[in-house]
Structure formats: C-alpha cells, structure tokens
Amino acid sequence: MKERNTVQKEIIYSALCRMANHPTADEVYLSVHESHPTISRATVFRVLNKMAENGSIMKVNITNGADHFDHQVFNHYHAHCRSCGEVCDVKLAPLVMLEEGKFEADNSFNITGYSLQFNGLCRKCSEKEGA
C-alpha cells in the first residue's frame with residue numbers, strides 16, 4: 001500500500017530540513033508547534049519514525065540519549081557531544097570496504113548497513129572545559 005503524502009508530513013519534513021542540526025523529535029515538535037499548534041507531539045513522533053523506517057530520513061540512535069533525526073540519508077558519520085548533547089556530521093574519508101559493501105564479518109553474515117557514532121566534546125563545550 002502506497003503511503004499518503006499529508007500536509008503534516010510535509011510540514012514536519014520541512015522543519016527537519018530547515019533545522020539541519022540533527023534535532024530530536026521533541027525539538028522538531030517545538031519548531032513545528034510554533035507555526036502549526038494543531039499538530040500534536042504524537043503526530044510528529046509518529047511521522048518522524050515512519051519516515052525513518054521508509055528511508056526518507058535517517059534516525060541517529062544516540063547511546064544513552066534521545067534519538068536524533070537527519071534529513072540527509074546518504075551513508076555518513078556522526079559525533080555526539082557528551083556535555084551538551086549536540087549531534088553533528090563528521091567529515092571523514094569513507095571506510096571504503098563498508099561503503100562498497102565488500103566487507104563480510106564471516107561466511108555466514110553479509111553486512112548490508114552500519115552505524116558509526118563518535119563521542120566527545122563539541123567546540124563550545126571543549127572551550128568551556130578548557131580541553
């Protein structure tokens with residue numbers, strides 16, 4: 001069954017793209033709620049998770065934290081600040097074997113995807129801590 005394009009879905013996706021900072025579902029909801037107060041928190045959460053399931057957006061699972069969402073769906077890496085919680089893209093040379101799908105864990109397991117998260121301090125938090 002084909003999924004419908006709804007006004008709410010377009011509003012939520014536009015907010016995610018406009019924010020472009022890997023927001024949590026709560027942050028997307030707050031942004032959407034400012035201009036569209038009739039869209040519920042449950043709708044925002046449901047739409048974001050459904051879009052992540054169908055590959056329209058990327059869900060960035062943060063260890064011990066809220067999931068973040070990314071409008072860029074190509075394979076890339078993320079860093080998570082352990083102080084403020086910011087999530088940002090990491091510009092690294094691709095892991096060629098993974099990118100080309102040539103890596104296999106063993107003969108019985110073919111890796112078809114991956115998630116890589118770096119943890120540390122963002123520039124602002126690093127400066128605050130004097131690191």
Side-chain angles (χ1 to χ4, degrees):
M1 184 164 124
K2 188 175 183 211
E3 204 173 307
R4 293 183 319 153
N5 271 336
T6 65
V7 172
Q8 290 93 342
K9 196 181 298 182
E10 290 176 22
I11 291 167
I12 293 165
Y13 181 73
S14 293
L16 179 64
C17 292
R18 185 177 59 255
M19 295 173 83
N21 65 347
H22 306 86
T24 64
D26 273 326
E27 291 168 334
V28 174
Y29 167 72
L30 291 173
S31 175
V32 166
H33 188 72
E34 288 177 10
S35 53
H36 299 88
T38 59
I39 297 178
S40 72
R41 181 181 306 267
T43 297
V44 171
F45 278 63
R46 186 181 70 255
V47 167
L48 287 172
N49 282 301
K50 187 71 171 172
M51 291 175 77
E53 283 176 25
N54 72 25
S56 304
I57 64 173
M58 182 183 293
K59 183 188 285 189
V60 182
N61 301 102
I62 301 298
T63 307
N64 299 322
D67 293 334
H68 289 246
F69 294 88
D70 192 346
H71 67 286
Q72 300 181 91
V73 294
F74 58 89
N75 283 338
H76 62 287
Y77 313 104
H78 295 98
H80 175 244
C81 178
R82 62 180 156 83
S83 182
C84 70
E86 178 185 358
V87 174
C88 62
D89 291 333
V90 174
K91 292 174 176 54
L92 287 176
L95 300 173
V96 176
M97 291 173 67
L98 286 175
E99 294 289 338
E100 294 177 0
K102 294 179 181 176
F103 182 80
E104 290 185 13
D106 61 32
N107 290 335
S108 64
F109 193 87
N110 182 25
I111 295 174
T112 58
Y114 62 93
S115 174
L116 179 61
Q117 173 187 311
F118 297 93
N119 298 302
L121 292 172
C122 68
R123 180 171 285 132
K124 286 189 288 188
C125 292
S126 185
E127 289 171 359
K128 270 194 258 180
E129 291 189 16

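These figures come from a predicted structure and were not determined experimentally.
Between His22 and Glu27 the shortest heavy-atom distance is O-OE1, 4.5 Å. Contact between Ile57 and Phe69 at its shortest, heavy atoms only, is CD1-CD2, 3.7 Å. Here the shortest heavy-atom pairing between Val73 and Gly55 reads CG1-O, 3.5 Å.
For Arg82, the side chain to side chain contact (heavy atoms under 4.5 Å, CB included) test picks out Leu121, Glu129, with sequence neighbours left out. When the side chain to side chain contact (heavy atoms under 4.5 Å, CB included) test is applied to Cys84, the partners found at least two apart in sequence or on another chain are Cys81, Glu86, Cys122, Cys125.
Contact of the Met58 side chain with the His78 side chain is registered, since non-hydrogen atoms from C-beta on lie closer than 4.5 Å. With contacts defined as side-chain heavy-atom distances shorter than 4.5 Å, the pair Val28/Tyr13 does not qualify. Looking at heavy atoms from C-beta onward, Leu16 lies out of side-chain contact with Met51 at the 4.5 angstrom threshold. Side-chain contact between Asp26 and Arg41 is present, with heavy atoms from C-beta onward closer than 4.5 Å.
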Enumerate, atom names and distances included, each donor-acceptor pair closer than 3.5 Å involving a side-chain atom of residues 31-39, sequence neighbours excluded.
{"unit_1": "Ser31", "atom_1": "OG", "unit_2": "Arg18", "atom_2": "NH2", "d": "3.3"}
{"unit_1": "His33", "atom_1": "ND1", "unit_2": "Tyr29", "atom_2": "OH", "d": "3.3"}

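With rounding to the nearest 0.5 angstrom, the NZ atom of Lys9 is 12.5 Å from the CD1 atom of Ile11. Taken to the nearest 0.5 Å, the CG atom of Asp89 stands 4.0 Å off from the NE2 atom of His76. Summarising the geometry, atom CE belonging to Met19 is positioned 12.5 Å from atom OG belonging to Ser14; distances are rounded to the nearest 0.5 Å. Summarising the geometry, atom CG belonging to Asn119 is positioned 6.0 Å from atom OG1 belonging to Thr63; distances are rounded to the nearest 0.5 Å.
Grouping the Ile, Leu, Val, Met, Phe, Trp and Tyr side chains by contacts below 4.5 angstrom, directly or via other members, places Tyr77 apart from Val87. Cluster annotation: Ile62 and Phe118 are assigned to distinct hydrophobic clusters (Ile/Leu/Val/Met/Phe/Trp/Tyr, side-chain heavy-atom contacts under 4.5 Å, transitive). Clustering ILVMFWY residues whenever any of their side-chain heavy atoms sit less than 4.5 angstrom apart, transitively, puts Ile12 in a cluster other than the one holding Phe45.
Between the Glu10 side chain and the Val7 main chain, no donor and acceptor come within less than 3.5 Å of each other.
A donor-acceptor contact closer than 3.5 angstrom links the side chains of Ser56 and Asn54. Side chains of Asn21 and His68: a donor-acceptor N/O pair is absent below 3.5 angstrom, by distance only.
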